[in-house]
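Have a look at the structure below before the remarks.
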Amino acid sequence: MTETEFDTPTGVVTLRRIPHDERSPLRAWDAADDYVLTHLAEVESLATAPGQLLIVNDSFGGLTVPLAGHRPIVWVDSVRTERAIRENLQRNDVDPTSARLLASTETPTAPIGAVVIKVPKSNAMLEHQLRTIRPLLTAEATIVGAGMVKHLPRSAIELFDAIIGPTTTSRAHKKSRLIHATLDPDRTVMPSPWPITVHTDVGLDLVNHANVFSLNQLDIGTRAMLDHLPPVSEGSSVIDLGCGNGALGVALARTAENLSIHYVDLSHMAVASARATVAANLHDEGTRSTFSVADSLDHVETASVDLVLNNPPFHDDHVVGDDTALAMFVDAHRVLRPGGELRVVANRHLGHHAKLERVFGNHATVGSTKKFVVLSAIKAAIKTG
Ligand SMILES: C[S@@+](CC[C@H](N)C(=O)[O-])C[C@H]1O[C@@H](n2cnc3c(N)ncnc32)[C@H](O)[C@@H]1O
């Protein structure tokens, strides 16, 4: 059964992940959250004025809820994280306005007196965040990084040292480690280089913010899908689900006139990338492009769409799994019109064809490479008579 009571130095808080699964062993916090909270309570005074504590990359509120008394700014990329933090604040009767959620595409405001940063999976994201934060820090700012040892490469620690200043690491505790950096005010440090534009050999210029999928090149799965995009008729309504930088939707938009393409991703940076990629590549196609930072398709009307394109994730943060893909297929089935198509690209070993059979009752393999398959599933037409 899932453990939900997190014993912190400021008291026990109740936390749930999203999605919550009673049978899952995964908790909404990890040993690195525990370690950093204990360190802050015992060693650092955290003498910040309200609004001067910045929490970066919290997952489900494991840092925000216990530190809410400091009225932190919480810098997040995923709308699922935003929702989890709000719900967990509420679950613990904490005034929801005590934490100010700030999208990853926004810049925090100075002065920042303390930063607690869960080290993200992507070094590019960490580099972007450290370069953005640096000029906003007070001279005496406390900067603590935290992560599970297995997810903390040496290169991440070196980024703290190169961008902020002299850096040390703690002893490992319950397989987690802390990083302590001290601001060196005399260094000249370049601002964040992101977003960057990647020129591809398929005629697309992809604009990528720091946390977008396949940051430096066209992903090979995406490429496999580009070779097997479905024909679409003029005026069709399409969703690029889990759009990342929007490569799939933008490539499709070039194949027919007057499409309506809706780009959806739960990452603020992904949707900002898709917006910028659309602006960089689409000019006279007459496409109507709309964008939502959203967790799958709850915001989309049932039976309203002709085609869903999807290159589903197979990691949820550091957790490998394909629950998200299945949830996406279920959502896609709901929003498709009868006769509408879901076209999916995925690593062949994931066995997504079986999930499509379960949800749609049919599937066809329309393309394949050594590693990837491109699958199609059609929503059954409503039977009459
Ligand atoms: C494998 S990447 C594909 C990105 C892009 N379509 C491409 O082909 O380059 C999967 C994307 O799904 C997004 N994603 C994951 N879970 C999601 C969810 N529940 N709702 C919306 N997007 C999600 C991720 O943020 C990521 O951008």
Side-chain angles (χ1 to χ4, degrees), residues 17-19 57 59 76-84 103-105 120-122 124-125 195 198 200 202 204-229 238-253 261-278 281 291-300 307-332 334-335 342-347 350 352 367 369 371-375:
R17 296 171 76 94
I18 292 180
N57 307 323
S59 304
V76 283
D77 190 41
S78 155
V79 283
R80 183 178 288 185
T81 298
E82 290 177 357
R83 196 182 123 211
S104 57
T105 44
K121 205 162 81 177
S122 145
M125 181 65 159
V198 175
T200 67
V202 294
L204 293 175
D205 289 339
L206 304 175
V207 185
N208 291 337
H209 283 259
N211 205 32
V212 85
F213 170 73
S214 203
L215 183 65
N216 296 311
Q217 75 268 308
L218 185 66
D219 166 60
I220 48 171
T222 311
R223 184 183 287 272
M225 174 79 118
L226 292 183
D227 290 338
H228 297 283
L229 286 173
V238 180
I239 291 182
D240 183 345
L241 175 55
C243 62
N245 56 26
L248 295 176
V250 171
L252 188 83
I261 304 192
H262 185 49
Y263 297 83
V264 180
D265 203 293
L266 50 63
S267 150
H268 287 282
M269 284 203 177
V271 173
S273 303
R275 245 181 222 286
T277 300
V278 165
N281 293 276
F291 304 87
S292 280
V293 188
D295 192 341
S296 211
L297 298 176
D298 282 356
H299 63 293
V300 177
L307 171 68
V308 176
L309 300 175
N310 183 217
N311 177 6
F314 61 98
H315 283 103
D316 191 355
D317 200 3
H318 290 293
V319 183
V320 181
D322 51 11
D323 290 357
T324 305
L326 179 61
M328 283 177 157
F329 300 167
V330 169
D331 268 14
R334 181 184 64 77
V335 302
L342 167 63
R343 191 157 288 209
V344 176
V345 64
N347 217 301
L350 292 171
H352 283 345
T369 65
K371 232 173 136 191
F372 290 91
V373 279
V374 181
L375 305 168

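For ligands, and for the atoms within them, numbers begin at 1 and follow the listed sequence.
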Geometry only, no angles: is [X] polar-contacting ligand 1 at N/O separations under 3.5 Å?
| X | value |
| --- | --- |
| Gly242 | yes |
| Ser267 | no |
| Asp265 | yes |

Candidate list Leu241, Val264, Asp323, test side-chain contact (heavy atoms from CB on, under 4.5 Å), partner Met328, passing option: Leu241

Relative to ligand 1, is Ala327 under 4.0 angstrom through side chain, backbone, both or neither, heavy atoms considered? neither

Could you tell me whether Ser78 approaches ligand 1 through its side chain, its backbone, both or neither, with non-hydrogen atoms closer than 4.0 Å? neither

Best match, [options]: closest heavy atom to [atom]:
| atom | options | result |
| --- | --- | --- |
| atom 22 (N) of ligand 1 | Ile18, Leu218, Leu266, Asp77 | Leu266 |
| atom 7 (C) of ligand 1 | Val345, Val264, Thr222 | Thr222 |
| atom 16 (N) of ligand 1 | Thr324, Asn347, Leu297 | Thr324 |
| atom 19 (N) of ligand 1 | Asn311, Asp240, Leu309, Asp295 | Asp295 |

Please report the interatomic distance [atom1]([X]) to [atom2]([Y]), rounded to the nearest 0.5 Å.
| X | Y | atom1 | atom2 | result |
| --- | --- | --- | --- | --- |
| Ile261 | Leu309 | CD1 | CG | 7.5 Å |
| Thr105 | His268 | OG1 | NE2 | 6.0 Å |
| Ser273 | Leu206 | OG | CG | 9.5 Å |
| Asp295 | Ile18 | CG | CD1 | 7.5 Å |
| Thr81 | Arg17 | OG1 | CZ | 10.0 Å |
| Ile239 | Leu248 | CD1 | CG | 13.5 Å |

So Phe329 and His352, would you call those rings parallel, tilted or perpendicular, with 30° and 60° as cut-offs? perpendicular

Need the ligand 1 atom indices (1-based, order shown) with element for anything under 4.0 Å from a heavy-atom of [X].
| X | value |
| --- | --- |
| Pro312 | 1 (C) |
| Arg80 | 19 (N) |
| Ser296 | 18 (C), 19 (N), 20 (N), 21 (C) |
| Ala294 | 20 (N), 21 (C) |

What pair of heavy atoms forms the shortest contact from Asp265 to Gly244, and how long is it? OD2-N, 2.9 Å

Heavy atom of [X] under 4.0 Å from ligand 1?
| X | result |
| --- | --- |
| Met225 | no |
| Ser214 | no |
| Cys243 | yes |

When you check the side-chain N and O atoms of Thr277 and Asn245, is any donor under 3.5 Å from an acceptor? no

